[in-house]
Amino acid sequence: MIFSELGLGPEVLRAIEEKGYTQPTPIQEQAIPWVLQGRDVLGCAQTGTGKTAGFTLPMIDILASGRARARMPRSLILEPTRELAAQVAESFETYGKHHKLNMALLIGGETFTEQVKKLDRGVDVLIATPGRLIDLFERGNMMLNDIKVLVIDEADRMLDMGFIPDIERIVSLLPKNRQTLFFSATMPPEIRRLADAFLQNPREVTVAPPASPSETVTQAMVLVQEQDKRKALRHLLRTEDVKNAFIFCNRKRDVAVVQKSLEGHGFNAGALHGDMPQHKRTETLELFKRGDITLLVCSDVAARGLDVQGLSHVFNFDVPLHAEDYVHRIGRTGRAGRMGRAFTIAGPEDGKLVAAIARLIKRDIPMIAIDGLESATFEEGEGRRGRFGRGRPPRGGDERRGAEDRPRRDERPRREERAERAERDDRPPRREEREERPERPTERERDRAALSEARREPPRRDRDRRRRRDEDDDDEPVVGFGDHVPAFLLRAARPRPEPSGGDTSQEG
DNA sequence: AAAAAAC
């Protein structure tokens with residue numbers, strides 16, 4: 001099968017040819033003809049299967065006739081992350097180069113003015129993340145009742161990220177008479193239910209990933225002490241023939257730490273996570289794609305969907321918390337039939353997570369040792385991360401006692417100095433200048449604070465989610481806490497002791 | 001144990 005047999009127009013075909021493609025992927029081959037006929041499509045496919053072009057190509061063709069009116073976009077594509085949205089925009093630019101389609105990319109983290117201007121000019125293709133779309137809609141910057149084609153991409157990921165209430169709201173604003181394309185990598189019942197609600201008599205198109213990661217990705221794991229993980233990573237980076245790699249961390253904090261550490265050791269590493277300013281995210285990804293940065297330390301913002309061609313390696317600096325994420329992460333390499341290598345650095349506490357991954361992928365990940373680094377072993381049972389902090393006493397008790405008689409490094413002398421100054425100036429010392437630390441709340445005050453914390457109204461989005469859940473299982477009686485406040489609530493709301501500089505574990 | 005997405 002070649003592209004010209006799918007029914008696409010000459011301009012689109014020319015753009016495809018100029019890009020150097022001749023053969024459609026299975027998902028494109030199956031989906032494009034139906035989309036061109038105006039049918040709804042339910043696509044079960046992951047990124048890397050050519051799914052994006054599977055909907056952008058026929059959409060360009062469909063939208064070629066007709067013109068958009070100001071503030072009345074003609075099509076809408078919803079994406080879970082900003083990077084994915086930008087990627088789809090690129091696809092429209094590449095294949096729509098011989099059409100004059102107006103496109104707007106509505107994502108957070110960027111100024112409104114440019115996006116509003118585009119809407120005013122009229123857009124044929126609107127690509128958006130849900131938050132910014134709703135924001136702009138509520139500000140009255142657009143109408144959604146002229147949408148002819150709706151695409152919901154990565155639906156299962158939207159579900160994971162709690163976007164479904166937003167998606168339902170957006171869909172409720174669209175005309176009933178429209179074409180809907182719905183894509184998801186997996187089809188759990190919840191997603192199936194949504195598809196039933198959004199689609200009319202859809203054609204189902206399912207493609208397996210080109211090759212399951214276990215075939216093209218060589219996997220290995222090292223098990224070391226927590227404090228040796230960076231060393232282990234450096235060793236792997238030096239001994240492996242790394243062309244370019246993602247290095248995944250579980251926390252944004254650690255993304256920054258690992259990136260700095262690598263840079264300090266002379267590696268060419270950038271960082272990517274959701275708390276970075278958008279321009280930084282875009283810029284870093286661009287540098288990485290160009291090869292100016294060879295290592296990208298990232299959070300799971302990059303775990304799915306991002307289509308960076310030809311990663312030679314993926315490193316998991318942390319074992320992912322959810323086994324499916326392991327599959328998504330290592331799936332960034334070994335794409336399109338190429339070989340890739342994936343290394344996971346595990347710590348002694350990760351036994352459970354590793355077992356869950358092995359169960360999911362139905363095989364064990366081979367363990368390798370690192371020269372000059374002692375291998376660790378997995379802890380038995382629940383470890384210190386078990387339910388109520390077995391193994392390590394909860395913070396609080398020791399620190400509280402210590403605060404009375406132990407000067408806290410740096411702060412205490414300075415505070416004394418300031419108190420003296422206040423005395424000289426003959427004015428009452430400000431709170432931070434007072435000798436004694438502010439009084440600790442009594443047990444009862446803490447309980448009261450915790451209660452009011454727990455009762456406070458959750459933010460809007462959470463409230464919506466909760467309401468939906470309540471609707472779903474309304475036959476379940478709601479049981480309150482009564483007068484009893486469980487210990488974990490109090491613990492969660494207790495003010496955290498400030499970091500105390502020195503190593504307190506020696507003293508307690 | 002987290003991350004993502006609106007200001």
Side-chain angles (χ1 to χ4, degrees), chain A residues 78-87 105-113 115-116 127-142 152-170 226 229 246-258 271-278 281 285 297-306 316-326 328-329 346-354 356-357 379 382-392 394-395 459-465 488 491-492 496:
Chain A
L78 293 169
E79 295 288 336
T81 68
R82 299 170 187 174
E83 274 75 12
L84 276 172
Q87 215 166 262
L105 179 59
L106 306 186
I107 59 176
E110 285 175 3
T111 56
F112 284 87
T113 42
Q115 297 178 2
V116 169
I127 304 156
T129 46
R132 180 55 70 96
L133 182 84
I134 289 176
D135 199 346
L136 282 163
F137 179 81
E138 282 176 349
R139 288 163 190 248
N141 290 102
M142 76 185 106
I152 296 172
D153 200 12
E154 305 262 333
D156 51 352
R157 191 160 180 218
M158 302 251 204
L159 177 74
D160 290 347
M161 290 167 59
F163 279 166
I164 297 305
D166 285 345
I167 301 298
E168 286 177 325
R169 160 124 194 263
I170 292 166
E226 203 64 36
K229 281 166 79 171
F246 279 1
I247 299 165
F248 285 101
C249 299
N250 285 357
R251 299 172 192 78
K252 289 179 278 202
R253 242 204 2 246
D254 295 332
V255 168
V257 171
V258 171
L272 185 75
H273 64 72
D275 275 356
M276 289 165 45
Q278 187 56 36
R281 285 167 67 166
L285 198 57
V297 188
C298 52
S299 68
D300 276 322
V301 69
R304 302 192 207 186
L306 271 195
N316 289 313
F317 184 77
D318 296 306
V319 182
L321 297 168
H322 295 296
E324 321 87 75
D325 287 332
Y326 176 81
H328 289 295
R329 286 181 183 185
E349 295 153 8
D350 296 328
K352 282 242 153 88
L353 300 176
V354 171
I357 291 167
E379 279 171 11
E382 291 195 304
R384 79 165 164 83
R385 284 166 173 177
R387 274 176 48 118
F388 289 106
R390 220 184 63 198
R392 182 160 148 247
R395 289 173 70 101
R460 182 181 65 82
R461 198 192 297 269
D462 276 33
R463 218 164 54 219
D464 286 352
R465 216 175 297 164
F488 73 86
R491 200 170 309 141
R496 222 169 279 179

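We use all heavy atoms of the structure for the numbers below, so side chains are in, but hydrogens, waters and symmetry mates are not. Below, chain A is the first sequence line, B the second, and so on; all start at residue 1.
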[X] has a side chain; which of [options] sits nearest to it?
| X | options | answer |
| --- | --- | --- |
| H273(A) | dA4(B), dA1(B), dA5(B) | dA4(B) |
| E138(A) | dA2(B), dA6(B), dA4(B) | dA6(B) |
| R251(A) | dA4(B), dA6(B), dA3(B) | dA3(B) |

Is there a side-chain polar atom (N or O) of [X] under 4.0 Å from OP1 or OP2 of [N]?
| X | N | result |
| --- | --- | --- |
| S299(A) | dA2(B) | no |
| T129(A) | dA6(B) | yes |
| R82(A) | dA6(B) | yes |
| K352(A) | dA1(B) | no |

Applying a 4.0 Å non-hydrogen cut-off, can you work out what [X] is touching in the nucleic acid: base, sugar-phosphate, or nothing?
| X | value |
| --- | --- |
| P320(A) | nothing |
| R139(A) | nothing |
| D135(A) | base |

Taking atom [atom2] of [N] as reference, at what distance in whole Å does atom [atom1] of [X] sit?
| X | N | atom1 | atom2 | answer |
| --- | --- | --- | --- | --- |
| L272(A) | dA5(B) | CG | P | 10 Å |
| R253(A) | dA2(B) | CZ | P | 8 Å |
| D300(A) | dA5(B) | CG | P | 12 Å |
| L321(A) | dA1(B) | CG | P | 11 Å |
| I152(A) | dA5(B) | CD1 | P | 19 Å |
| R157(A) | dA5(B) | CZ | P | 8 Å |
| D160(A) | dA5(B) | CG | P | 14 Å |
| D153(A) | dA5(B) | CG | C1' | 16 Å |

Please check if the side chain of D300(A) supplies one atom and the backbone of N250(A) the other of a donor-acceptor pair under 3.5 Å. no

Ignoring hydrogens and geometry, is there a side-chain-to-backbone donor-acceptor pair from S299(A) to V301(A) under 3.5 Å? yes

So, E138(A) and R169(A), do they make that salt bridge, N to O below 4.0 Å? yes

Taking side chain to side chain contact (heavy atoms under 4.5 Å, CB included) as the definition, give me every residue that meets it alongside L136(A), ordered by chain and number, with sequence neighbours left out. L106(A), F112(A), Q115(A), V116(A), L119(A), R132(A), N141(A), M142(A)

Which residues satisfy the side chain to side chain contact (heavy atoms under 4.5 Å, CB included) test with Q278(A), sequence neighbours excluded? R82(A), E83(A), I107(A), E110(A), R281(A), T282(A)

